[in-house]
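Data block below; observations after.
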Number of protein chains: 2
Amino acid sequence: MARAGLTADRVTLTGAELADEVGLEHVTMSAVARRLGVKDASLYAHVRSLEDLRGRIALLAADEKTIRIAEAIAGRAGKDALVAYANAWREYARDHPGRYTATQIPIRIDPELVARATGPRRAVELTYSMLRAYALDEPDLTDAVRLMRSTFHGFTSLEAAGGFAHSRPAEDSWVRCLDALHTLLTHWPPS
Amino acid sequence: MARAGLTADRVTLTGAELADEVGLEHVTMSAVARRLGVKDASLYAHVRSLEDLRGRIALLAADEKTIRIAEAIAGRAGKDALVAYANAWREYARDHPGRYTATQIPIRIDPELVARATGPRRAVELTYSMLRAYALDEPDLTDAVRLMRSTFHGFTSLEAAGGFAHSRPAEDSWVRCLDALHTLLTHWPPS
DNA sequence: CCGATTTCCTAATAACCCTAGACTATAGCT
DNA sequence: AGCTATAGTCTAGGGTTATTAGGAAATCGG
């Protein structure tokens with residue numbers, strides 16, 4: 001009986017792939033086990049529970065998204081950086097809808113694992129870096145960071161849920177929203 | 001054996017209450033049936049499936065949220081309306097976290113039921129109304145509507161997920177973001 | 001090569017979703 | 001009041017899932 005060579009990371013990755021294909025809510029222990037050619041019970045040697053698995057998928061997604069954004073904004077500043085950041089965010093959500101929804105659930109897993117995960121923390125730090133050229137001081141900077149993150153998340157989330165099924169292409173609105181955010185940042189604090 | 005007096009609406013409402021108390025993902029047919037003092041199978045006379053029930057909760061939430069917003073912005077215009085709208089949105093999400101998350105899932109239920117539901121459609125229309133005083137023309141108006149909705153949804157969603165666990169109170173950033181959006185709208189289109 | 005550990009399995013329990021078919025309360029009709 | 005039709009509820013049961021317990025086999029450190 002050859003071993004399947006499971007690890008926590010492989011289980012997580014399989015779950016993430018499944019999430020992108022069939023939606024996060026259909027990621028079950030059974031489905032992941034089936035795809036890995038293994039019995040359900042075997043997964044519990046690597047993952048504590050289904051909720052734990054979902055949390056790990058969320059952390060994986062946060063890491064991947066952070067890396068993409070970091071690459072996108074490297075060597076850019078100002079509006080250039082803003083647009084690159086936002087597009088990287090949106091494209092990650094498009095490319096990996098299941099993983100992206102995983103990032104929306106409150107993480108309720110092993111705190112030690114969360115502490116070791118650099119993704120979420122670095123993601124916020126990157127947002128601060130991206131705004132550097134706008135030269136904001138605290139607490140304005142934090143407010144601006146939160147506005148950016150809220151808008152990016154809200155837009156991609158509503159778009160994914162089919163909220164923009166109107167006539168006007170979502171793409172056009174997206175470009176316009178980025179223009180607006182740039183204008184806002186250059187005139188911060190709002191008068 | 002007295003009848004329990006079930007209806008689709010009563011089942012939906014019970015599910016919604018449960019969602020707010022224990023989270024939407026823990027709303028099960030069994031749990032709803034238990035709360036109603038009824039067997040699981042009895043629910044299927046009123047609701048097609050669990051997914052159908054979730055969809056109905058989403059529609060209920062959309063209706064309720066729309067009503068709250070409509071009351072909030074009645075008789076207001078300009079920034080006054082903007083702030084009232086946004087606060088009503090955020091407070092609904094705070095008061096009914098389970099129902100609010102239900103509104104985020106793509107609705108995949110009986111199209112006839114969706115067509116009869118006025119909530120989601122009216123919600124978008126209300127956003128247009130709220131922006132009336134800013135006197136925008138299409139397609140700028142649609143872009144602005146989408147930006148508003150994205151930001152409101154994104155902020156409340158991130159806040160609910162614990163994304164603003166920083167030092168600065170989320171409330172302060174919220175107020176500042178609304179200032180920013182108002183400034184943006186008065187200078188639209190962004191230069 | 002041996003003992004310890006890890007990996008994976010079988011087996012079992014409990015919860016859950018959902019269907020089919022039987023039964024019963026209620027409303028309308030005569 | 002009785003009869004009938006409808007609709008509301010239940011019992012029974014099949015299938016899936018999450019999770020635990022304990023056993024066997026592959027792997028690894030010495």
Side-chain angles (χ1 to χ4, degrees), chain A residues 1-59 98 101-102 105-110 112-113, chain B residues 1-59 98 101-102 105-110 112-113:
Chain A
M1 195 175 308
R3 290 200 186 181
L6 294 187
T7 64
D9 285 347
R10 235 163 79 71
V11 173
T12 304
L13 188 59
T14 304
E17 290 170 5
L18 214 51
D20 288 337
E21 292 170 22
V22 300
L24 184 65
E25 69 277 13
H26 294 121
V27 173
T28 68
M29 287 298 205
S30 319
V32 172
R34 265 195 301 276
R35 173 162 299 207
L36 286 166
V38 144
K39 297 296 172 184
D40 316 19
S42 308
L43 301 180
Y44 288 84
H46 308 277
V47 153
R48 203 184 303 277
S49 68
L50 176 62
E51 188 166 7
D52 181 49
L53 172 60
R54 292 224 171 102
R56 285 169 188 267
I57 294 174
L59 290 182
T101 53
I105 61 177
I107 300 184
R108 211 192 310 283
I109 70 177
D110 190 3
E112 187 253 341
L113 195 66
Chain B
M1 197 174 305
R3 290 200 186 180
L6 295 187
T7 65
D9 286 346
R10 235 163 80 71
V11 173
T12 304
L13 188 59
T14 305
E17 290 170 6
L18 213 51
D20 288 336
E21 292 170 23
V22 301
L24 184 67
E25 69 278 13
H26 294 122
V27 174
T28 68
M29 287 299 208
S30 320
V32 172
R34 265 195 301 276
R35 171 162 301 206
L36 286 166
V38 143
K39 297 295 174 185
D40 318 18
S42 308
L43 301 180
Y44 288 84
H46 308 278
V47 153
R48 203 185 302 276
S49 67
L50 176 61
E51 189 167 5
D52 182 49
L53 172 60
R54 292 222 172 104
R56 286 168 187 269
I57 294 174
L59 290 181
T101 53
I105 60 177
I107 301 184
R108 212 192 309 282
I109 70 177
D110 191 4
E112 188 253 340
L113 195 67

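Hydrogens, waters and symmetry mates are skipped; everything else that's a heavy atom, side chains included, is used. Quick note on labels: first sequence line is chain A, next is B, and so on, each numbered from 1.
A:L43 places its CG atom 15 Å from the C1' atom of C:dT6, with the value rounded to the nearest Å. Counting to the nearest Å, the P atom of C:dC18 and the CD atom of B:E51 are 9 Å from each other. Rounding to whole angstrom units, NZ of residue B:K39 and C1' of D:dT9 are separated by 11 Å. The separation between A:M29 atom CE and D:dA18 atom C1' is 7 Å, rounded to whole Å. A straight line from CD of B:E25 to C1' of C:dC17 spans 17 Å, rounded to a whole angstrom. The separation between A:H26 atom NE2 and D:dT17 atom C1' is 13 Å, rounded to whole Å. In this entry the distance linking CG of B:L6 with C1' of C:dA25 reads 14 Å, nearest Å. Separating the NE2 atom of B:H46 from the P atom of D:dG8 is a distance of 5 Å, rounded to the nearest angstrom.
Closest of all the heavy-atom pairs between B:S30 and B:D40 is OG-OD2, 3.4 Å. Nearest approach of B:R54 to B:A102, heavy atoms of both residues: O-CB, 4.5 Å. The two atoms that bring B:V27 and B:L50 nearest to each other are O-CD1, 3.5 Å, heavy atoms only.
B:R10 is listed as a side-chain neighbour of B:L36, based on a closest heavy-atom distance under 4.5 Å.
In this structure, B:R35 pairs ionically with B:E21, as a charged nitrogen and a carboxylate oxygen lie closer than 4.0 Å.
Out of C:dC9, D:dC10, C:dC16, the shortest distance to the side chain of B:S42 is found at D:dC10.
A distance-only check finds no donor-acceptor pair linking the side chain of A:D52 to the backbone of A:V47 [under 3.5 Å].
Using a 4.0 Å heavy-atom distance criterion, A:A45 is classed as making no nucleic acid contact.
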Give each protein N/O atom lying under 3.5 Å from an N/O atom of nucleotides 12-16 of chain D, with the pair distance.
none

